[in-house]
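I have placed the structure first, in the form of structure tokens, so that the comments after it can refer back to it.
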Amino acid sequence: MSNTRESTSTEHVSTADLAQHDGSGAAASLPSQPRRRRGAGWALRAEIALLAGPAVIVFLAFVIFPVVMAAYYGFFRWAGYGPPTDFVGLQNYVVILTDPAFLAALGHNAFIVVASIVIQGPIAILLALLLNRKMKGQSIIRVLIFVPYVISEVVVGTGWSLMLATNGALNGFLHNVGLGSWAHDWLSDPNIAIWTLMGILTWKYVGFAVILFLAGLQGIPEELYEAAALDGASFWQIQRRITLPLLGPTLRIWAFLSIIGALQLFDLVYIIWGQYVASTAGTSTMATYMVANGRNAGNYGYGNAVAVVIFLISMIVALIYQRFVLRRDTAGAVTTAKKSGRTKGRRGAAATERTA
Amino acid sequence: MKAKKLLMGAAVLAAGTIALSACSGTSDSSNSSSKVSMTLWQNSTTGPGQQYWKDAIAAFEKANPNVTIKMQSIQNEDLDGKLQTALNSGDAPDIFLQRGGGKMAAMVQAGQLMDITDKISSDTKKVISSGSFKAETYQNKVYAMPLSVLPGGLFYSQDLFKAAGITEAPKTIDDLSADVQKLKATGVSPIALGAKDAWPAAHWFYWFALRECSGSTMEKTADSKSFSDSCWTKAAEDLQNFAGQKPFNDGFLTTSAQQGAGSSAGLVANHKAAMELMGAWDPGVIASLTPDQKPLADLGFYPFPELSSAGKGEPGSIMGGVDGYSCSVKAPKQCADFLNFIASTPQQIAYYKAFNSPPVNTDAQKEVTEPYLKDVLAAYNKAPYVSQWLDTVLGQNIGNALNVAVVDMLAGKTDAKGMIQAANDAAKKG
Amino acid sequence: MTALTVSSRSSRRAARKSLPWGSPAVYFIALIVIALMIVPIAYIIIGGFRTNSQITVDPAGFPNPWNPANYLEVLTGGVFWGQVLNSTITALVTTVGAVGLGLMASYVLARYPFRGSGALYALFAAGLMFPITVAITPLYIVVRNLGLMNSLAGVIIPQIAFALPTTIIILVPFLRAIPDEIQEAAFIDGCSRIGFFFRMVLRLSLPGVITVGILAFIGSWNSYLLPLFILNDQATFTLPLGVQAFSSQYATDTSKVLAFTSLSMIPALIFFSLFERRIVGGLTGAVKG
């Protein structure tokens, strides 16, 4: 039991390991029902079509098709009405990649990606470690930490921009307690605006990370702690050697979601800084650049080209991440994984890499 | 059984979808003489302005019982974007605010506006001068009914000026700079700036450009979209120098122009700032933001000062917009009737009273009493050259880019040359 | 170290009775964190009880006197409830659609062997790469051509489509984790794959289904960009649009905006507190596989 637990990522319940010991994963069921094979070809396909069909159709029509159209429009100079007629080839893309405003926005996105992980990660891990014990009030504490995540970005943006305005509540409060010199133009000063944005993002999303990590921590069996304690390990040694590595898959999934979210950030910036001054304040993102220079400026061809660039960047980042980071976990892997029962944590996961 | 469940589920989803698409909010206008319904989009979301439109609609519906008009109030900053989306999607409102200039030209080129040249009634022509129609004309056809002429200049608080020891309005930029220093000494923000909306900051550039550039240069640039003439760079440098003394309120980057007590208009309304450079809609906006929501008692107006070393622009030139209303090309013919209706003298008087801005109707203009509005009209009438707001003239793409570039310069992120470069680059995007 | 063993032993006992108290240090830190989370929200809620002049004079003070007029105005006006209704309809139908379609597709991907399954999964996973901002302009054209502008359906169907990637990515591991023995047992009893799906899979994957349902609901409830493009008529506005429109329209009236904003938070908070256990439980399950 403990062998299989250590050998796989915490993504899979131990019963699944038993299944995979049969051979290939889901395919294990096939050989046991030869009678269904004959004539199963059509019935099988019909079932697949019936079950997966609606999702595939809706997805193709409303996600894939628009993205393909966006790529098509991106080759034109187009004001948005009637069919596009002014073909300019790759020129939009050249302009995008040489526009200092876009490169600045890209830089902001990169900063937000890194800062989100660096700031939220450790805070959330610490909090999760501290809260990972059964105690009175644990439920309420978790609920209250998670609350900001539930609130829409529009509400968060509206509320915070009122609070952080130059003559708003935060500065007022600082004045009231005699810390007036700490009052700043939180939103307007280009030197600190991006940190203000990071502060708001941390406030909103750290609760989500804590809950996710708590869930991951609960997957770590107590016996490990007890065994380590019996061996004389200190609290921090236990965290470093046992908890964090076993929390690894959760951490990696969370980091992935955080990166994708940071690359796509739009609502909060748009609500707080509006469509014009985000770039001046140093908080523009690729998405706000797209809306400001595309739809709001009437340059629909250009805007669509920006959209395609955002997609490609997200895609490349995701693929790199999947390849180099998530490979050690099988979550997100496309093929069915063959697992061998190895006993040590990372090496076991590495063994699955070869077959994944 | 499972097939039934599936079918039921699919039917529910389909029925739900159909039912929901029936819950749509569009109203379609028909051309039959029985019942005509139209939609109106206007940009006044509160107070007397919104009330004016409600009253105007009620009066028109009373006189034309088979017509109903549904009104939507859209915040000024959202209007252009939503309007463009609606026009492009074929879902356009029938009657809507028209800014004119390049924005109107784009709509005409897309065939989205009704040509009302022949639909202007003779009564209307008697009270609205042909000069006022010029702003709503493209290639010799009229596409909107002008309602209010909104020249720009500086609206200021006479009390705050007096408290700073300023006895008369500045006539040159040097005078203005000196006044800025005096106002700073009294602890109040000399100039309120709503840079969050970009165009208020850009207006400072436009006025310097109006003083530096000749009228013909500006018109040529409107066509070529290229800011190669040196007067543009000179104007940018003028602004950069002026801004160097930090005359604007703190946090101007995230101060909006008109929204809330923290906006630039709100700052003036509450005597936290001494003046702002705006168009003639400003008294109305300020009035809605004062503590008692009445027009600011000590409000004054003076035209944008001249340069100390004269540029190529004619002294006394003025820049201003004209607020007008267009009919969409798909609107029923009663739309033109409505336009003539709101241009009539009693309606124009009501408009002026509600918005506190100068009407185009010359009979209505005689009713204007406020001294600052009278100053505005006087400056407008004696101006040798009148230009529209440059961002309207240049169209949405270049206009937006220019506006943002000015904000960048004021925030210190770029210099005069960089600003002009950004404006030139915008042409590449569309 | 002994503390750990003690707590683990006592927690096993304690699980059957009531929970023990944690250490004061933990409570103290938790209190600080909670304060940081809640104070801004409290500010918004309390701010609605003030008047504008109070806010201008003392931005950070308490209401003095407490002024319920703003809240009453918003609650008795039709606008707020209309938007709540729109948001509710949109979110519910989106959730049912996303979960239904997603579950069916996940089942196929997880338990049917066929050649295209890898490619199909990759297709849905690629959907995570497009924020709706990427597709919004052509999407809006598609919606317009289908005649769904200004209707809730024009918001719901694209939302279902964009919720599918997350749904499928979370559900596929769940469904894969259902032991094959159960499936074999069902087949031996003569159940077809589809029968297995309807009878057993739904029940077995309930935690995952609830998780994705909640994610889809929250995602739809808070969505802003898509309704911004599709819904022009104020009667069809959902709450986020309503908050923004309200804050623009009544920008002069900061306290009223705060009242409206805090009221619009409440449905989300109620929903969350009802389902909190499920949400955390669901995330636990998703992480564990």
What part of [X] gets within 4.5 angstrom of chain B, counting heavy atoms only: side chain, backbone, both, or neither?
{"X": "A:Y300", "value": "side chain"}
{"X": "A:D99", "value": "side chain"}
{"X": "A:I272", "value": "backbone"}
{"X": "A:A165", "value": "neither"}

Task: Residue, of B:D197, B:N403, B:D425, that accumulates the most heavy atom pairs under 4.5 Å with chain A - done: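 Ranked by heavy-atom pairs under 4.5 Å with chain A, first place is B:D197.
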- [ ] Flag the one option from B:A110, B:A411, B:G412 with the top tally of heavy-atom pairs under 4.5 Å to chain A.
- [x]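 The answer is B:A110.
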Task: Donor-acceptor under 3.5 Å (B:K413 side chain, A:S279 main chain) - done: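 Answer holds: yes.
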Task: Test item: B:N400 side-chain N/O and A:N296 main-chain N/O as donor-acceptor pair under 3.5 Å - done: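 Flag set: sc B:N400 to bb A:N296 pair under 3.5 Å.
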Of all the heavy-atom pairs spanning [X] and [Y], show the shortest one and how long it is.
{"X": "B:K428", "Y": "A:Q91", "result": "O-NE2, 4.2 Å"}
{"X": "A:V277", "Y": "B:A195", "result": "CG1-O, 3.2 Å"}
{"X": "A:D185", "Y": "B:G251", "result": "OD2-N, 3.4 Å"}

Task: Top of A:S188, A:A281, A:A278 for chain B proximity - count of heavy-atom pairs under 4.5 angstrom - done: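 Top option by heavy-atom pairs under 4.5 Å: A:S188.
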- [ ] Say whether A:N299 and B:K429, considering side chains only, have a donor N or O and an acceptor N or O under 3.5 Å apart.
- [x]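 There is no such pair (donor and acceptor under 3.5 Å, judged by atom type) between the side chains of A:N299 and B:K429.
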Does atom [atom1] ([X]) have a neighbourhood of more than 12 heavy atoms from anything else shown, all under 6.0 Å?
{"X": "A:W203", "atom1": "CH2", "answer": "yes"}
{"X": "A:F111", "atom1": "CZ", "answer": "yes"}
{"X": "A:F102", "atom1": "CZ", "answer": "yes"}

TODO: Please examine the side chains of B:L253 and A:T280, heavy atoms only from C-beta on, and report whether any two atoms are closer than 4.5 Å.
DONE: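 Sidechains of B:L253 and A:T280: in contact.
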Open item on the list: Do B:T254 and A:W273 make a side-chain contact, defined as non-hydrogen atoms from C-beta onward lying under 4.5 Å apart?
Closed with: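 Yes, close enough: below the 4.5 Å cut-off.
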Task: Atom group of B:A422 that falls short of 4.5 Å from chain A, counting heavy atoms - done: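 B:A422 has no heavy atom closer than 4.5 Å to chain A.
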